Amino acid sequence: MSATDSPVQSNFIRHIIATDLAAHKNNGKVATRFPPEPNGYLHIGHAKSICLNFTLAAENQGTCNLRFDDTNPEKESIEYMEAIERDVAWLGFKWAGKYHASDYFEQLYTYAVQLIEQGDAYVDSSTPEQMRLDRGSLTQPGKESADRNRSIADNLDLFTRMRAGEFADGQYVLRAKIDMASPNINMRDPTIYRIRRVHHQRTGDAWCVYPMYDYTHCISDALEGITHSICTLEFEDHRPLYDWVLDKLGTACHPQQIEFARLQLEYTIVSKRKLLQLVSEGHVSGWNDPRMPTISGLRRAGFTPEAIRDFCERIGVTKKDSWIEMAVLENCIREDLNERAPRAMAVLQPLKVVITNWEAGKTESYQIANHPQKPELGSREVVFSAEIFIEQDDFAENPPKDFKRLIPGGEVRLRGSYVIKCEDVIKDEQGNIIELQCSYDPNTLGKNPEGRKVKGVIHWVSVSHSIAAEVRLYDRLFSHPQPDTLDNFLDGLNPNSLQILSNSRVEASLAAAGSDTTYQFERTGYFCLDDQDSTPEKPVFNRTVTLRDSWGK
Ligand code: ATP
Ligand code: MG
């Protein structure tokens with residue numbers, strides 16, 4: 001499957017690009033980029049941006065770069081960079097080039113010198129506190145710094161010495177000289193360089209001055225020959241600065257910045273800062289906890305790249321903020337797995353059943369298709385014997401109305417095998433059910449018994465032909481639909497987002513399961529082997545999603 005095979009719906013960015021191509025703008029080229037800051041793992045919101053940038057490029061025979069926006073070294077790491085590359089590749093995309101903003105540090109510095117020489121930037125000694133006061137507000141213009149009219153020669157000298165490490169962190173900054181009275185606060189002489197003695201994961205200690213995001217981003221885009229610089233809406237007010245920097249520098253390439261609404265997904269969080277807090281405070285087991293909305297968490301939960309790409313296509317691209325229901329994402333994975341997931345039998349909460357009229361030690365095996373509609377997915381052997389497990393839930397001593405499964409004296413069909421009848425219920429001293437004694441009807445293999453209709457069909461595994469497993473039933477991480485709107489988003493956490501079943505039994509064929517396949521455990525949901533916590537003795541299966549949407553019911 002290619003990365004662009006979802007049904008394509010148009011959106012305003014596709015329109016802009018089509019119009020540009022028709023006008024032969026940018027020599028008919030389309031070049032985009034995905035520019036993450038390596039300060040956390042990618043989440044489902046990033047997937048929207050990734051799909052958008054890579055797909056727009058691919059649709060137009062263009063290119064899409066992966067660029068690490070690594071200008072903030074204290075929060076960034078190689079671990080995050082590696083995770084980002086892994087996740088983009090797993091989603092099915094190939095970057096044309098891989099770059100880092102830090103590749104451009106020398107060029108960015110040279111451009112800053114150019115701005116100073118043009119009288120478009122100055123070195124300021126205002127304290128951060130003073131700068132904040134002088135910035136003004138939405139209703140009040142800002143105040144010019146006393147350093148604003150420093151001579152070009154003095155600015156050049158100070159900036160050179162900033163780079164040379166002659167000053168303390170924070171003693172000076174370099175600011176663009178734009179307009180302290182601009183109604184757009186971003187244009188009130190924004191800082192473009194600051195002094196910061198921090199080790200950079202790629203450039204080491206070569207620099208003690210680091211460029212700011214707004215300054216770096218537009219230049220990085222221009223240096224890579226990006227045609228359409230697609231970003232989220234919060235950068236709309238930064239676009240005048242983006243254009244100002246490139247106009248002043250007269251770069252050969254001047255990309256067009258286009259903003260779209262970021263993904264907001266209910267019952268979760270898409271902010272790296274808050275996701276990091278969930279990890280560092282131990283609310284989840286790590287960035288790839290299967291409850292996390294990270295790409296690595298979704299992968300570990302058993303999501304497929306196809307389902308995530310389908311989701312990103314279905315939610316569309318607009319300029320208006322809106323919330324997407326979690327059910328949209330869950331339905332994408334359900335639909336995909338319904339098509340492709342091999343079926344298997346697993347008993348999550350086992351109840352032992354002894355078949356009293358079956359010869360002890362005798363076994364019988366069946367070939368069961370792995371998928372009801374897909375013969376190409378093959379079949380597997382399932383073994384029947386005198387002792388089996390069924391789900392505790394599939395037996396009721398005092399059944400509610402309409403209960404179609406096993407009851408004392410009642411019959412039920414074992415999936416792919418015989419009809420059994422419950423003859424006796426064995427209990428321990430406390431009255432807990434520990435075993436059922438059942439008889440099987442030898443004339444019911446694959447057909448209904450003469451004259452009786454058995455409605456219920458339940459799954460089962462043979463005691464000695466199944467393996468012990470731990471099953472982790474994940475639910476939504478938050479029980480509040482918009483945890484971001486709470487004073488403290490942690491108050492919205494779902495206390496029941498994980499239920500661990502440590503005595504489950506899965507059919508023997510699952511001994512060969514790999515984490516790259518998500519299975520449908522018949523009647524219970526979709527599950528995927530957890531390659532992090534599984535051991536040869538005890539595999540662990542994560543629930544990807546339930547079979548049907550049962551949230552809140
Ligand atoms: P966060 O708020 O999670 O830290 P960010 O925007 O700071 O996100 P970046 O690493 O800078 O994270 O994001 C890389 C790209 O992904 C940017 O172009 C950004 O606009 C985009 N992006 C981030 N979050 C979303 C989202 N929720 N929906 C769509 N695009 C997003
Ligand atoms: Mg960012």
Side-chain angles (χ1 to χ4, degrees), residues 1 3-4 6 32-55 58 64-69 76-95 98 230 232 262-279 283-315 317 324 326 328-334 336-337 474 476-478 497 515-518 526 528-532 542-545:
M1 271 194 27
T4 52
S6 298
T32 59
R33 83 287 170 267
F34 171 64
E37 181 179 359
N39 62 350
Y41 281 60
L42 297 180
H43 53 61
I44 186 75
H46 293 117
K48 177 177 182 182
S49 173
I50 294 168
C51 290
L52 183 60
N53 279 292
F54 279 94
T55 306
C64 182
N65 288 344
L66 173 62
R67 183 195 320 133
F68 292 105
D69 158 31
E76 298 163 3
S77 77
I78 299 280
E79 178 202 339
Y80 292 144
M81 290 206 235
E82 289 173 351
I84 289 169
E85 286 186 43
R86 195 158 56 235
D87 290 348
V88 175
W90 179 77
L91 281 173
F93 298 110
K94 281 201 180 66
W95 44 86
K98 180 175 82 186
I230 298 164
T232 35
R262 55 172 52 223
L263 168 67
Q264 296 177 291
L265 186 61
E266 286 187 343
Y267 295 101
T268 192
I269 288 280
V270 281
S271 148
K272 275 184 282 183
R273 187 176 57 76
K274 290 178 180 164
L275 294 176
L276 174 62
Q277 190 181 340
L278 290 174
V279 174
H283 301 288
V284 293
S285 65
W287 282 100
N288 68 346
D289 185 302
R291 290 165 293 181
M292 289 281 270
T294 51
I295 307 295
S296 51
L298 292 167
R299 176 169 61 232
R300 188 170 166 201
F303 273 67
T304 60
E306 289 83 356
I308 296 177
R309 294 198 308 253
D310 181 32
F311 170 74
C312 292
E313 190 60 44
R314 282 193 210 184
I315 57 177
V317 180
I324 303 292
M326 184 55 109
V328 177
L329 179 61
E330 291 168 346
N331 282 332
C332 286
I333 186 64
R334 269 190 204 108
D336 186 43
L337 291 176
Y474 293 103
R476 295 177 181 179
L477 184 53
F478 290 88
S497 60
S515 63
D516 51 352
T517 304
T518 303
Y526 293 99
C528 176
L529 185 81
D530 189 291
D531 55 358
Q532 193 164 312
N542 296 323
R543 182 168 70 193
T544 315
V545 69

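Nothing fancy with the numbering, it's 1 onward along the sequence. What you see is a predicted model; the values in this text were computed from it and never measured.
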Set of side chain to side chain donor-acceptor pair (under 3.5 Å) partners for Arg334, sequence neighbours left out: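 Testing Arg334 for side chain to side chain donor-acceptor pair (under 3.5 Å), a comparison that skips the adjacent residues, returns Asn331, Thr546.
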
Spatial distance of atom OG1 (Thr304) from atom CG (Asp336) [nearest 0.5 Å]: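 Reported to 0.5 Å precision, the distance equals 3.5 Å.
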
Spacing of OG belonging to Ser296 relative to CZ belonging to Phe303, to within rounding of 0.5 Å: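 Separation between the atoms: 13.0 Å.
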
Residues which pass side-chain contact (heavy atoms from CB on, under 4.5 Å) with [X], listed by chain and number, not counting sequence neighbours:
X      : value
Val284 : Leu278, Val279, Asp289, Arg291, Met292, Leu477
Ala47  : Ile44, Leu91, Ile295, Ile308, Cys312
Cys528 : Thr518, Thr544
Lys274 : Ile269, Ser271, Asp484, Phe489

Arg33 (side chain) donor-acceptor with Leu66 (main chain) under 3.5 angstrom: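 Looks like no, no N/O pair under 3.5 Å.
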
Under 3.5 Å donor-acceptor, Lys48 side chain and Phe311 backbone: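 No, the answer is negative, given that no donor and acceptor are paired below the 3.5 Å cut-off.
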
Heavy-atom closest pair, residues Tyr41 and Ala83: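 Looking at all heavy atoms of both residues, the closest pair is CE2-CB, 3.4 Å.
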
Residue pair Asn53 / Thr32: nearest heavy atoms and the distance that separates them: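 Residues Asn53 and Thr32, closest heavy atoms: O-OG1, 2.9 Å.
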
Residues that Phe34 engages under ring-ring contact (aromatic ring centres under 6.0 Å, His included), provided they are two or more places apart: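 ring-ring contact (aromatic ring centres under 6.0 Å, His included) list for Phe34, sorted by chain: empty.
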
From CA spacing to verdict: salt bridge (charged side-chain N to carboxylate O under 4.0 Å, His left out), Asp87, Arg299: CA-CA 9 Å; Asp87 290 348; Arg299 176 169 61 232; 3.0 Å; yes

